[in-house]
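Reading through the structure tokens given below for one structure.
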Amino acid sequence: MKRTPKLSLLNQPHSNLQAHTEFIHRLQNSQDLKAAAKTHSNIFKSGLSNHTFTANHLLNAYLRFNKTTDARKLFDEMPETNVVSWTALMAGYIDVGEPREALRLFGRMAEARIQANEFTLATAINACSLLADLETGRKIHTRVETLGLSSNLVISSALIDMYGKSNDVDNARQVFNHMICRNVISWTSMISAYAQNAQGDYALGLFRELIYENSLALAPTQFTFASVINACASLGRLVAGKALHLAVIRRCHVVNDVVASALVDMYAKCGCIDYSDKVFRQILQPTVIPFTSMIVGAAKHGLGKHSLHLFDEMLARGIRPNDVTLLGVLYACSHSGLIDIGLYHFNSMQLKHGIAPDARHYTCLIDMLGRAGHLDEAYKLSTENVPLGAVDAALMWGTLLSACRNHGRLELAVKAGKRLIELNQQVASTYVTMSNMYASIGRWENAQGIRSEMKRRGVRKEPGCSWVELRNSTYVFYAGDLSSCTHGSEIAQLLRDLEVRMKERGYVGGSSGLVFVDVEEEAKQGVVGVHSERLALGFGLINIPKGVTIRVMKNLRMCGDCHEAFKLISEIIGRDFVVRDVNRFHHFRDGSCTCGDYW
DNA sequence: GGTTGACTTT
């Protein structure tokens with residue numbers, strides 16, 4: 001136990017240094033706010049609170065406990081502040097999720113005649129990053145260059161992150177390229193910038209380069225792995241994802257929760273929900289994020305009831321759901337036809353969980369009602385006074401339009417389509433959908449009218465596409481055009497068979513299940529209104545006739561249950577239908593499934 | 001004394 005100096009000693013000049021040291025030591029080791037406050041009081045009594053160095057320590061003690069109000073009070077009362085006081089307070093505001101206040105302080109530094117240094121600039125860039133404030137970030141970047149700090153490692157990494165989060169990958173790469181010296185954080189920031197901006201291939205490429213560096217100092221961390229696994233998830237790269245899983249296990253003693261969450265998500269997106277579950281169950285104390293990953297993953301696999309069980313389990317463990325969790329729950333209900341439960345969760349979001357439904361929740365609910373054919377209720381919900389931006393509103397009206405299309409509700413489709421055109425969003429696909437709807441009921445003039453309107457306005461529809469992986473190659477299929485793909489005719493035949501079977505079972509196309517051929521394709525054929533439909537498969541490695549193995553990744557939402565798709569495929573192909581992944585196979589026979597490991 | 005990177009989203 002250390003001896004506490006008596007206050008009387010502090011009045012003597014030779015004891016000042018000792019007192020400083022003692023107070024600072026106590027502040028740094030304060031286990032709770034009460035202890036820090038007590039030390040504060042002692043510092044105040046000793047008169048040392050006027051000392052900037054000591055006061056900064058006190059400031060940090062408060063900030064360590066996220067007490068920004070106390071810290072701010074102290075800061076405002078300090079007779080003299082320096083660059084450390086300003087930077088510390090800025091970082092404190094960032095820690096409590098108030099980056100705007102950090103930038104406000106940064107802006108006030110000049111009038112206080114305090115010159116920002118590399119620490120301050122890195123902190124300010126971090127605030128821009130959190131706000132995705134590209135404009136301010138660019139200004140700070142210019143200032144960094146003016147001050148000759150371009151080669152600073154921390155600032156450069158912060159800039160890469162800021163550009164990445166603001167969707168300016170090119171500038172992130174520019175900063176990365178100009179760095180003289182890089183550490184694993186700069187590499188990870190650049191890899192994440194790619195992964196977060198739908199450039200997963202570049203993320204994987206850069207990760208490969210990092211490995212080739214073969215430097216101990218640049219050994220990938222759990223941060224790096226989480227980013228690359230995320231890239232695999234968005235690309236549907238199961239093999240690479242598994243290799244990364246193995247690498248994490250080999251290199252890291254303990255797989256941390258964030259990496260585990262990324263793995264749960266990756267396996268789900270690559271069609272291996274069993275693996276997701278396995279990884280998830282290995283997490284000792286899963287937080288809201290892995291739970292949410294698992295809920296969403298199960299929902300996308302048509303296992304809505306499992307999602308709901310997970311949600312209950314999460315609540316029973318006292319883990320508070322967030323807005324994304326509720327979105328996952330609604331998504332699960334929507335894709336498994338659990339309307340009443342979905343409505344119950346939507347209605348109790350605010351009251352039970354304190355989460356106000358926003359545009360995304362409304363859209364999900366509209367999708368749920370729309371899928372079930374409750375179009376009038378869905379429309380009513382769309383017209384409720386929810387304040388929406390153009391993009392959110394377009395998502396909502398687009399969802400309603402798809403539902404109207406699937407259920408042939410022309411009059412509501414017209415209303416939804418009109419809204420979309422007014423919003424100047426999804427214009428091309430709206431026109432195509434409307435034209436197809438008119439054509440399907442024989443109203444050729446209306447269909448033709450819309451096509452003329454498209455031409456007049458110069459609206460062109462980009463053909464939609466899906467892709468498959470065949471071993472290490474990716475094949476892209478454009479809507480209505482399978483001919484450009486190897487084995488295209490066989491695949492087309494399989495899709496046609498599937499379509500017939502699904503229709504026999506009463507399946508009505510969902511937003512990404514059945515895709516109308518694009519209008520230009522129809523124009524090529526010189527026929528308006530005769531639409532062909534293209535089915536997308538679920539996922540998995542599927543043996544189709546003549547030994548062609550295809551892996552279909554897209555459109556997991558088809559009929560809300562991929563197992564249903566597998567069953568159908570097995571009926572079409574015969575009894576020897578096998579779904580493979582790298583380690584396991586699933587053999588479907590007479591509607592039941594046998595699984596096994598290859599090794 | 002104060003600075004940089006990760007997971008879930010309709």
Side-chain angles (χ1 to χ4, degrees), chain A residues 20 24 27-28 52-61 63 82-92 94 116-127 129 149 152-162 164-165 182-193 195-196 220-230 233 256-266 268-269 283 286-297 299-300 321-328 330-331 334-335 357-368 391-392 395-396 398-399 511 557:
Chain A
H20 273 295
I24 286 164
L27 283 169
Q28 284 175 333
T52 307
F53 190 85
T54 315
N56 281 346
H57 271 286
L58 190 53
L59 199 63
N60 277 318
L63 293 171
N82 63 14
V83 64
V84 177
S85 342
W86 286 75
T87 310
L89 191 58
M90 279 168 65
I94 289 174
N117 64 12
E118 66 263 41
F119 288 81
T120 329
L121 290 165
T123 309
I125 295 164
N126 189 15
S129 182
L149 290 167
N152 181 283
L153 177 66
V154 177
I155 288 183
S156 299
S157 303
L159 281 170
I160 292 169
D161 182 58
M162 183 278 292
K165 298 257 166 52
R182 303 180 185 120
N183 63 8
V184 68
I185 298 180
S186 13
W187 281 86
T188 305
S189 300
M190 193 60 232
I191 290 169
S192 320
Q196 289 159 355
T221 63
Q222 308 240 26
F223 285 82
T224 325
F225 283 118
S227 298
V228 200
I229 292 165
N230 183 25
N256 81 12
D257 284 9
V258 177
V259 175
S261 299
L263 285 168
V264 167
D265 180 54
M266 184 275 293
K269 284 184 178 152
I283 305 173
T287 59
V288 62
I289 293 177
F291 259 110
T292 305
S293 287
M294 200 59 227
I295 288 168
V296 173
K300 284 188 173 171
N322 63 24
D323 51 339
V324 186
T325 320
L326 262 303
L327 206 53
L330 294 177
Y331 185 96
S334 166
H335 289 258
D358 63 25
R360 299 163 304 167
H361 302 97
Y362 271 92
T363 302
C364 205
L365 200 70
I366 288 164
D367 186 48
M368 181 178 85
V391 175
D392 287 340
L395 274 172
M396 191 185 76
T399 302
S511 59
R557 294 178 213 162

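Heavy-atom basis, side chains included; hydrogens, waters and symmetry copies ignored. Below, chain A is the first sequence line, B the second, and so on; all start at residue 1.
For the pair N117(A) and T120(A), the minimum side-chain heavy-atom distance is below 4.5 Å. Side-chain contact between H335(A) and K300(A) is absent, with no heavy-atom pair separated by less than 4.5 Å.
Listed nucleotides: dA6(B), dT8(B), dT3(B). Nearest to the side chain of A91(A): dT3(B). Minimum atom distance to the side chain of L327(A) is reached by dT9(B), of the listed dA6(B), dT9(B), dG2(B). Closest contact between the side chain of Q222(A) and the listed nucleotides dT8(B), dG2(B), dA6(B) involves dA6(B). Looking at the side chain of T363(A), the nearest of the listed nucleotides dG5(B), dT10(B), dA6(B) is dT10(B). Listed candidates were dT3(B), dG5(B), dT10(B). Nearest to the side chain of F119(A) is dT3(B). For T292(A), the side-chain atoms get nearest to dT8(B) when compared with the rest of dT8(B), dT4(B), dA6(B). Comparing atom distances between the N230(A) side chain and each of dT8(B), dG2(B), dA6(B) picks out dT8(B) as nearest. For K165(A), the listed nucleotide lying nearest its side chain is dA6(B); candidates were dT9(B), dA6(B), dC7(B). Each of dG2(B), dT4(B), dA6(B) was ranked by its minimum atom distance to the side chain of T87(A); first place goes to dG2(B). With dG5(B), dT4(B), dT8(B) as the candidates, the nucleotide lying closest to the side chain of S293(A) is dT8(B).
Between the CD1 atom of I191(A) and the C1' atom of dG5(B) there is a distance of 10 Å, rounded to whole Å. The nearest whole Å value for the distance from the CE atom in M368(A) to the C1' atom in dT10(B) is 13 Å. We find that CD1 of I155(A) is positioned 17 Å from P of dG2(B), with the value rounded to whole Å. N152(A) has its CG atom 14 Å from the P atom of dG5(B), to the nearest Å. Remark: P of dG2(B) and CG of L121(A) are 17 Å apart, rounded to the nearest angstrom. Look at CG on D367(A): it is 10 Å from P on dT10(B), rounded to the nearest Å. If you measure from atom CG of N322(A) to atom P of dT9(B), you get 11 Å, rounded to the nearest angstrom. Summarising the geometry, the separation between CG on L153(A) and P on dT3(B) is reported as 15 Å, rounded to the nearest angstrom.
Counted by atom type alone, N230(A) and S227(A) present zero donor-acceptor pairs between their side chains at under 3.5 Å.
With hydrogens and angles ignored, a donor-acceptor pair under 3.5 angstrom links the side chain of T221(A) to the base of dG5(B). The base of dG2(B) sits within donor-acceptor range of the side chain of N117(A), with an N or O pair under 3.5 Å. A donor-acceptor contact under 3.5 Å links the side chain of S157(A) to the base of dT4(B). Residue-to-nucleotide contacts include a donor-acceptor pair under 3.5 Å from the side chain of N256(A) to the base of dA6(B).
A sub-4.0 Å separation between OP1 or OP2 of dG5(B) and a side-chain N or O of Q196(A) is absent. Contact annotation: N126(A) reaches the phosphate of dT4(B) (side-chain N/O to OP1 or OP2, under 4.0 Å). Note on K269(A): every side-chain N or O is 4.0 Å or more away from OP1 and OP2 of dC7(B).
Looking at heavy-atom distances under 4.0 Å, N82(A) makes contact with a base. Across all strands, V83(A) comes closer than 4.0 Å to base atoms (heavy-atom distances). Contacts of V184(A) with the nucleic acid, taken as non-hydrogen atoms under 4.0 Å apart, include base atoms.
F223(A) meets the ring pair (Phe, Tyr, Trp, His ring centres under 6.0 Å) test with no other residue; sequence neighbours excluded. Under the salt bridge (Lys or Arg N to Asp or Glu O under 4.0 Å) criterion, R360(A) pairs with D323(A), D358(A), not counting sequence neighbours.
Between the side chain of S334(A) and the main chain of L330(A), no donor-acceptor pair closer than 3.5 Å is present. Under a 3.5 Å cut-off, the side chain of S261(A) and the backbone N or O of D257(A) do form a donor-acceptor pair.
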